[in-house]
Chemist: 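Pasting in a structure now, in C-alpha cells, and then I'll have a few things to ask.
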2 protein chains.
Amino acid sequence: MKSARKYSRKREAILKTLRSTKSHPSAEWIYAKLKPLFPDLSLGTVYRNLSLFRNEGLVTSVATVKGQERFDAQVHPHPHFICDLCGKVMDIDALPDSIPALGVDDFAGGDVEYCEILFHGKCKDCKQ
Amino acid sequence: MKSARKYSRKREAILKTLRSTKSHPSAEWIYAKLKPLFPDLSLGTVYRNLSLFRNEGLVTSVATVKGQERFDAQVHPHPHFICDLCGKVMDIDALPDSIPALGVDDFAGGDVEYCEILFHGKCKDCKQ
DNA sequence: TTCGTTGCAAACATTTTGCAGTTTC
DNA sequence: GAAACTGCAAAATGTTTGCAACGAA
C-alpha cells in the first residue's frame with residue numbers, strides 16, 4: 001500500500017535548494033533560503049519533505065552539528081570536514097573512497113551498509 | 001580564574017559507569033543505571049557532569065543516534081559500528097587506527113584534530 | 001563559612017504531529 | 001472528488017539553566 005506521490009512546487013524547491021548548495025545545510029537553513037520565495041512556507045513542510053527524501057534515498061544526513069541535523073543531496077558516501085567551532089561542513093574529495101570498503105563489509109555478524117568518515121578540526125577562518 | 005573542583009560522589013559514579021560499559025551510552029542510559037543507587041539523582045546532574053568531562057577531555061561524543069548524544073570514556077579515536085535500526089553502537093578494534101592519519105592533517109587551510117570513522121548498517125540481531 | 005554541586009522545574013531548541021484547508025490529479 | 005500536501009500551532013523530545021538547598025573543604 002504505497003501512497004501515490006503528487007507533485008508539489010515546494011517539495012521541488014526544497015530538493016533543488018539542497019542540490020544547489022555545498023553547505024550541507026540544516027532544515028532551518030533551507031527554510032530561511034526559501035521563505036522569501038514562498039512566503040507561506042512552513043518549517044514543518046521542510047522537515048516533512050526532507051524526511052521523505054531521506055526515506056527515498058535522495059538525501060542523506062551527514063551529521064548532527066551543534067544539535068542540528070545536516071543534510072546532503074550528494075548521497076554517494078564521501079568524507080567530510082567539520083569545523084567544531086563554527087559548524088561549517090565541507091566535502092573532502094581528495095580522499096580515495098575506497099576507504100569505506102576497507103575490509104569491513106560485515107561486522108560481528110551484521111551488515112555494513114556504508115561508512116562515514118568525518119574529520120574534525122578548526123577551519124581556516126576559525127584558526128584566525 | 002579557574003574554579004576549584006570539589007569531590008562529588010555522583011560525579012565519580014557517572015564517570016565510573018561510563019568507563020565500565022562498552023555500550024556508548026546516552027545521558028539517559030547512565031541516569032537510569034544510577035538512579036537505583038542514587039534515588040535522588042537528577043538527569044540534569046548527569047548532563048552537567050558529562051559536559052564537564054567532555055570539556056576536560058575525559059569523555060568524547062561518538063555520535064548522535066536517533067536524536068540522542070552517545071558518549072564514550074575511551075577517548076582515543078577509534079572506529080565504531082552503528083546499527084541504524086536498534087541504535088546499538090559498537091567498537092571496531094580490528095581496524096588499524098593509522099587510518100585517521102591518512103594523509104589529512106590539514107584541510108583547506110584548517111587544522112584536522114581527529115577523524116571519526118562510523119560504519120553504518122544492520123547489526124546481527126536486527127538482521128533477523 | 002565559602003563556594004562548588006545538586007534537585008527541581010522551568011526554559012530552550014529542534015523536530016514531529018494533528019487537523020482543517022488547499023492543491024494535485 | 002479523492003487523496004496527497006501544507007500551514008499552523010501544539011506536542012514531543014533531548015538538553016540547558018536559574019535558583020535555593022546541600023555538601024565538601
Side-chain angles (χ1 to χ4, degrees), chain A residues 1-18 24-56 58-72 84 87 89, chain B residues 1-18 23-56 58-72 82 84 87 89:
Chain A
M1 275 297 108
K2 66 168 150 188
S3 53
R5 180 63 24 93
K6 277 182 185 172
Y7 173 81
S8 139
R9 221 153 71 82
K10 287 168 185 168
R11 175 182 305 142
E12 185 181 43
I14 291 166
L15 187 53
K16 196 175 147 200
T17 300
L18 187 52
H24 311 83
S26 62
E28 188 91 36
W29 187 96
I30 295 175
Y31 171 74
K33 193 91 177 181
L34 286 176
K35 188 67 173 172
L37 283 86
F38 300 85
D40 66 338
L41 180 65
S42 103
L43 192 49
T45 295
V46 177
Y47 277 110
R48 264 189 283 234
N49 281 294
L50 282 174
S51 138
L52 206 152
F53 293 149
R54 184 180 17 216
N55 291 341
E56 290 175 342
L58 291 175
V59 152
T60 46
S61 145
V62 176
T64 300
V65 180
K66 293 167 185 275
Q68 292 198 140
E69 185 150 25
R70 303 285 290 267
F71 298 90
D72 197 341
D84 293 320
V89 178
Chain B
M1 271 297 109
K2 67 168 154 191
S3 53
R5 179 66 25 94
K6 278 183 183 168
Y7 172 81
S8 138
R9 221 153 70 81
K10 286 169 185 168
R11 176 181 305 142
E12 185 181 44
I14 291 167
L15 187 54
K16 197 174 147 200
T17 301
L18 187 53
S23 70
H24 311 83
S26 62
E28 188 92 38
W29 187 95
I30 296 174
Y31 171 75
K33 194 94 179 180
L34 287 176
K35 188 65 174 173
L37 285 87
F38 301 85
D40 66 339
L41 179 66
S42 104
L43 191 49
T45 295
V46 176
Y47 277 109
R48 263 189 284 237
N49 281 295
L50 282 175
S51 137
L52 206 151
F53 294 150
R54 181 175 25 209
N55 290 340
E56 289 174 342
L58 291 175
V59 151
T60 46
S61 147
V62 177
T64 301
V65 180
K66 292 165 185 277
Q68 293 198 141
E69 186 151 22
R70 303 286 290 267
F71 298 90
D72 197 342
I82 300 177
D84 293 320
V89 178

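Chain letters run A, B, ... following the sequence lines, proteins first and then strands; every chain starts at 1. Just so it is clear, the values below take in all heavy atoms, side chains as well, and ignore hydrogens, waters and symmetry mates.
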Chemist: Can you work out whether Phe71(B) or Lys10(A) has the more 5'-proximal nearest nucleotide on DNA chain D?
Modeler: Lys10(A)
Chemist: Whether the side chain of Arg70(A) engages the backbone of His24(A) through a donor-acceptor N/O pair (distance < 3.5 Å, no angle test) should be reported.
Modeler: yes
Chemist: For residues 38-49 of chain A, which residue pairs qualify under salt bridge (Lys or Arg N to Asp or Glu O under 4.0 Å), counting only residues two or more places apart or in two chains?
Modeler: Lys10(A)-Asp40(A)
Chemist: Round to the nearest Å and state the distance from Arg9(A) atom CZ to dA4(D) atom P.
Modeler: 22 Å
Chemist: Quick one: salt bridge (Lys or Arg N to Asp or Glu O under 4.0 Å) pairs with a partner in residues 60-69 of chain A, sequence neighbours left out?
Modeler: Arg54(A)-Glu69(A)
Chemist: Is the phosphate of dT23(C), meaning OP1 or OP2, less than 4.0 Å from a side-chain N or O of Ser8(A)?
Modeler: no
Chemist: Quick one: Lys6(B) NZ to dT2(C) C1', roughly how many Å, whole number?
Modeler: 6 Å
Chemist: Rounded to the nearest angstrom, tell me the gap between atom CD1 in Ile30(A) and atom P in dT15(C).
Modeler: 11 Å
Chemist: Please round to 10 degrees the angle between the axis of the first five pairs and the axis of the last five pairs in the helix from dT1(C)-dA25(D) to dC25(C)-dG1(D).
Modeler: 30°
Chemist: Nearest-nucleotide wise, let me know which of Arg5(B) and Ser26(B) is further upstream toward the 5' end of DNA chain D.
Modeler: Ser26(B)
Chemist: Heavy atom of residues 32-52 of chain B under 4.0 Å from DNA chain D: which residues?
Modeler: Tyr47(B), Arg48(B)
Chemist: If the condition is side-chain contact (heavy atoms from CB on, under 4.5 Å), which residues does Leu52(B) pass it with, not counting sequence neighbours?
Modeler: Arg5(B), Arg11(B), Asn49(B), Glu56(B)
Chemist: Within the 4.0 Å heavy-atom criterion, would you say Glu28(B) contacts the bases, only the backbone, or no part of the nucleic acid?
Modeler: nothing
Chemist: Rounding to an integer number of Å, can you tell me how far Glu12(A) CD sits from dT6(D) P?
Modeler: 12 Å
Chemist: Rounding to a whole Å, what distance do you find between Arg11(B):CZ and dG23(D):P?
Modeler: 15 Å
Chemist: Is the shortest side-chain heavy-atom distance between Trp29(A) and Gln68(A) below 4.5 Å?
Modeler: no
Chemist: How many Å lie between OH on Tyr31(B) and C1' on dT6(C), as a whole number?
Modeler: 13 Å
Chemist: With Lys33(A), which residues qualify under salt bridge (charged side-chain N to carboxylate O under 4.0 Å, His left out), at least two apart?
Modeler: none
Chemist: Are there over 12 heavy-atom neighbours, none belonging to Lys35(A), within less than 6.0 Å of that residue's NZ?
Modeler: yes
Chemist: How close do Val46(B) and Ala27(B) get, counting heavy atoms only, and between which atoms?
Modeler: CG1-O, 3.6 Å
Chemist: May I ask you to test the Leu18(B)-Leu50(B) pair for a side-chain heavy-atom distance under 4.5 Å?
Modeler: yes
Chemist: To the nearest Å, how far apart are Gln68(A) CD and dT15(D) P?
Modeler: 15 Å
Chemist: Provide, to the nearest angstrom, the distance between the CG atom belonging to Leu15(A) and the P atom belonging to dC5(D).
Modeler: 14 Å
